[in-house]
Amino acid sequence: MSRVGRNITVSIDRLRHLGHRQDRPRRIASDASTCPKCDSHYSGDEMRRNLRVCPACGYHFPVTARERLEQLGEPGGYVELWSDLRAADPLQFTDLKPYADRIREAETKTGMNEAVVCAEIEVRRVPCVAAIMDFSFMGGSMGAVVGEKLARACEHAAQKGIPLIILSSSGGARMQEGTLALMQMAKTVIALDALAEAQVPVIMILAHPTTGGVWASFASLGDVTYAEPGALIAFSGPRVIEETTREVLPADFGRAERQLANGQVDAVVDRRELAARIGRVLHILAPPDGEALVAGPPGWAQGGAERVGRVAQSLPSLPGKIMGRIRPGSGNDDGPVA
Amino acid sequence: MSGGKPDGPSFVRRVTGKLGRSSGVQVDEDLWASIQIARHAERPYTLDYINRITSDFEEMHGDRLFGDDPAIVAGFGRFNDRPVAFVGQQKGRDTNERTYRNFGMASPEGYRKSMRVMEIANRMGMPIVTLIDTPGAFPGASAEERGQGGAISRSMQLMWRLNVPVVAVVIGEGSSGGALGLGIADRVLMLENSTYSVISPEGASAILWRDASQAKRAAQAFKPTAANCYRWGVADAVIPEPPGGAHTDHGQAAEILGQYLQRTLLELEAQTPAERRVVRRERFRRLGPLRDPEGGVAMASGRDAPPPG
Ligand SMILES: [Zn+2]
């Protein structure tokens with residue numbers, strides 16, 4: 001076992017090779033569900049068809065990472081990346097039970113190696129890299145493997161020049177990896193900047209819950225940030241706040257809808273609209289090759305006064321006084337009155 | 001530390017010897033005692049160091065967005081005839097001051113004030129030193145509604161982007177994202193008795209053991225000492241404290257910190273901004289062991305040796 005100075009960065013080619021070796025997405029056993037909000041009962045098939053949203057009341061059930069990829073992607077699926085990385089136990093950590101046992105149990109329960117699944121995927125014909133967290137694996141907590149896979153996803157998307165979609169569902173840093181889990185916050189924040197440098201957008205989806213060190217790192221740094229209805233989004237959870245400050249919190253504290261009002265997210269998006277919404281914004285921010293962003297007027301690419309003149313000529317004439325105020329009722333009812 | 005051996009005072013050997021002995025299983029009581037020293041009521045706080053190692057310190061106030069957060073001190077001063085920006089969490093010593101400083105638990109305004117000062121320093125080509133000492137960011141509803149998570153993440157993002165040399169020093173307790181929010185640096189130094197952890201022992205006790213009285217056990221499980229952080233690659237150097245701990249002699253503690261800062265800044269100033277940014281990214285990129293399918297356990301940056309003295 002070589003400990004000192006071991007370089008864990010591997011070439012993209014080798015990573016791709018590892019990715020293609022992966023199994024087909026695992027089918028989850030058909031599981032019937034009862035809605036905790038309205039008590040309606042559904043078969044597993046109904047749930048899957050409805051993207052695990054209660055048709056009666058709109059309650060959003062948890063979804064596994066691989067089912068999320070199927071929901072977001074095209075038929076034909078996705079190529080999973082780096083799925084063979086697994087957690088180490090640097091502290092030989094034991095709380096009420098050993099960390100090593102917790103990992104084994106989570107692996108058995110979920111059929112996954114870790115709390116994030118990364119893949120290459122097409123969302124509404126836009127090739128993307130996706131990193132989807134899964135709360136069912138140790139509360140979606142971020143240890144060294146989650147940090148490493150997220151960092152690789154950032155670097156991979158930046159290197160390919162394609163958008164990155166991250167879906168967070170996590171209680172925060174993985175306590176059982178101690179200080180090194182905390183450091184994954186730094187790692188992911190820095191890695192995310194590779195996309196800014198590559199001028200490639202990051203779409204952040206905040207699913208229930210997105211809290212602690214995940215919210216205080218990469219999850220609050222999306223270019224476009226959508227939250228699922230009812231998702232708890234907070235650095236400190238309600239229980240910690242109530243115990244520390246004796247504040248009495250409103251029932252919707254930290255919930256997606258309230259965080260929209262607080263200015264913390266761009267929109268609350270129903271899961272059944274999510275793929276279409278991501279696709280729509282990606283076609284604006286990062287149109288795939290061969291799809292022009294703007295069919296500009298002739299000479300658009302030319303500089304200087306000539307271009308300005310041509311653009312001005314090509315504009316439709318506006319009703320009313322050009323230099324005056326834009327009046328309500330003059331074809332721009334919702335517009336600002338300047 | 002990657003950049004050689006700082007000129008430490010004579011008792012560095014004593015510290016090194018102690019670290020050497022602890023390379024096996026650390027004695028429970030030693031570890032707990034060290035954690036108590038890190039949070040000692042008489043331990044020097046951020047302003048105690050700033051006032052001793054700088055002259056003409058000018059403190060800045062307010063984030064220009066909402067308010068001023070007394071839990072974070074930020075400003076500019078002269079350090080060894082060089083302008084340097086200092087930022088750090090500030091604890092209070094008596095009840096009134098503790099309340100005023102919110103126990104060193106910062107709100108979004110604190111991180112945003114820090115970012116404002118760092119942006120000025122970056123523009124002026126001034127190195128930045130952060131002093132970390134907090135049980136965590138403030139867990140309050142108002143802080144959440146004003147974007148506590150985004151304030152911390154943006155502070156980290158800004159620190160990563162800086163062109164000037166950045167040194168972070170954990171001077172007391174460095175707990176959770178509230179600490180790391182000031183922790184993205186070219187070099188991370190830790191005082192001998194300081195701790196750096198994902199959560200405070202009390203917080204971990206309540207969450208993992210579901211019993212608030214298990215803080216000692218939690219501390220033993222996390223082992224968040226300076227020596228261990230050095231071994232994990234989280235800290236680049238351990239700064240010795242006066243015998244018995246920094247609280248026994250604020251003047252000497254500040255003098256030693258000043259020596260380490262001077263040495264570290266000289267090293268960093270010899271590098272270009274581009275070189276520093278590569279190292280800054282890599283030092284965080286490699287942290288965290290994992291099982292590689294081919295390589296067994298990979299401790300990416302672990303060190304076997306005790307810190308250089
Ligand atoms: Zn329902």
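Letters A, B, ... mirror the listed sequences (proteins, then strands); counts begin at 1. Note that these values count all heavy atoms, side chains included, but never hydrogens, waters or copies made by symmetry.
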- Chi angles and distances behind the salt bridge (charged side-chain N to carboxylate O under 4.0 Å, His left out) call for B/Arg285, A/Glu148: CA-CA 8 Å; B/Arg285 181 69 183 80; A/Glu148 175 69 19; 2.8 Å; yes

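- Of the charged side-chain nitrogens involved, none lies within less than 4.0 Å of a carboxylate oxygen, so that B/Lys223 and A/Glu177 do not count as a salt-bridged pair.
- In this structure, A/Glu197 places its CD atom where more than 12 heavy-atom neighbours from other residues, nucleotides or ligands lie under 6.0 Å away.
- A donor-acceptor distance shorter than 3.5 angstrom exists from the side chain of B/Arg291 to the backbone of A/Ala87, with no hydrogens or angles considered.
- Partners of B/Gln89 under the side chain to side chain donor-acceptor pair (under 3.5 Å) rule, at least two apart in sequence or in another chain, do not exist in this structure.
- Using a cutoff of 4.0 Å between basic side-chain nitrogens and carboxylate oxygens, B/Glu144 and A/Arg258 are not scored as salt-bridged.
- To the nearest 0.5 angstrom, A/Thr94 atom OG1 is 11.5 Å from B/Leu208 atom CG.
- With a 4.5 Å cut-off on non-hydrogen atoms, A/Ala196 touches chain B through its side chain but not through its backbone.
- Scanning residues 100-108 of chain B against chain A with a 4.5 Å non-hydrogen threshold yields no residues.
- Contact of B/Leu180 with chain A is made through the side chain alone, with heavy-atom distances under 4.5 Å.
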- Decide yes or no on side-chain contact (heavy atoms from CB on, under 4.5 Å) for B/Leu290 and A/Val145, but give the supporting numbers first. CA-CA 6 Å; B/Leu290 40 82; A/Val145 175; 3.8 Å; yes

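- Legend: residues meeting ring-ring contact (aromatic ring centres under 6.0 Å, His included) with A/Tyr99, ordered by chain and number and at least two apart, are absent.
- Per-residue counts of heavy-atom pairs under 4.5 Å with chain B were compared for A/Met185, A/Glu114, A/Gln176; the largest is that of A/Met185.
- The NZ atom of A/Lys187 lies 12.0 Å from the CZ atom of B/Arg283; values are rounded to the nearest 0.5 Å.
- Taking non-hydrogen atoms and a 4.5 Å limit, the residue list of residues 149-164 of chain B in contact with chain A, ordered by number, reads B/Gly149, B/Gly150, B/Ile152, B/Ser153, B/Arg154, B/Met156, B/Gln157, B/Trp160, B/Arg161.
- Here B/Phe284 contributes atom CZ and A/Gln184 contributes atom CD; the two are 11.0 Å apart, rounded to the nearest 0.5 Å.
- For A/Ile190, the parts lying under 4.5 angstrom from a heavy atom of chain B are both the backbone and the side chain.
- The OG1 atom of A/Thr244 sits 8.0 Å away from the CZ atom of B/Phe138 when rounded to the nearest 0.5 Å.
- The most heavy-atom pairs under 4.5 Å with chain B, out of A/Gly212, A/Ala144, A/Ala216, come from A/Ala216.
- For the options B/Ala218, B/Ser197, B/Ala141, heavy-atom pairs under 4.5 Å to chain A are most numerous at B/Ala141.
- Most heavy-atom pairs under 4.5 Å with chain B, from the set A/Thr245, A/Leu91, A/Asp89: that is A/Leu91.
- B/Ala221 touches chain A through backbone and side chain together, each having a heavy atom under 4.5 Å away.
- Note that the CG atom of A/Leu180 and the CZ atom of B/Phe222 stand 12.0 Å from one another [nearest 0.5 Å].
- Atom CD1 of B/Ile207 and atom CG of A/Asp95 lie 11.0 Å apart (nearest 0.5 Å).
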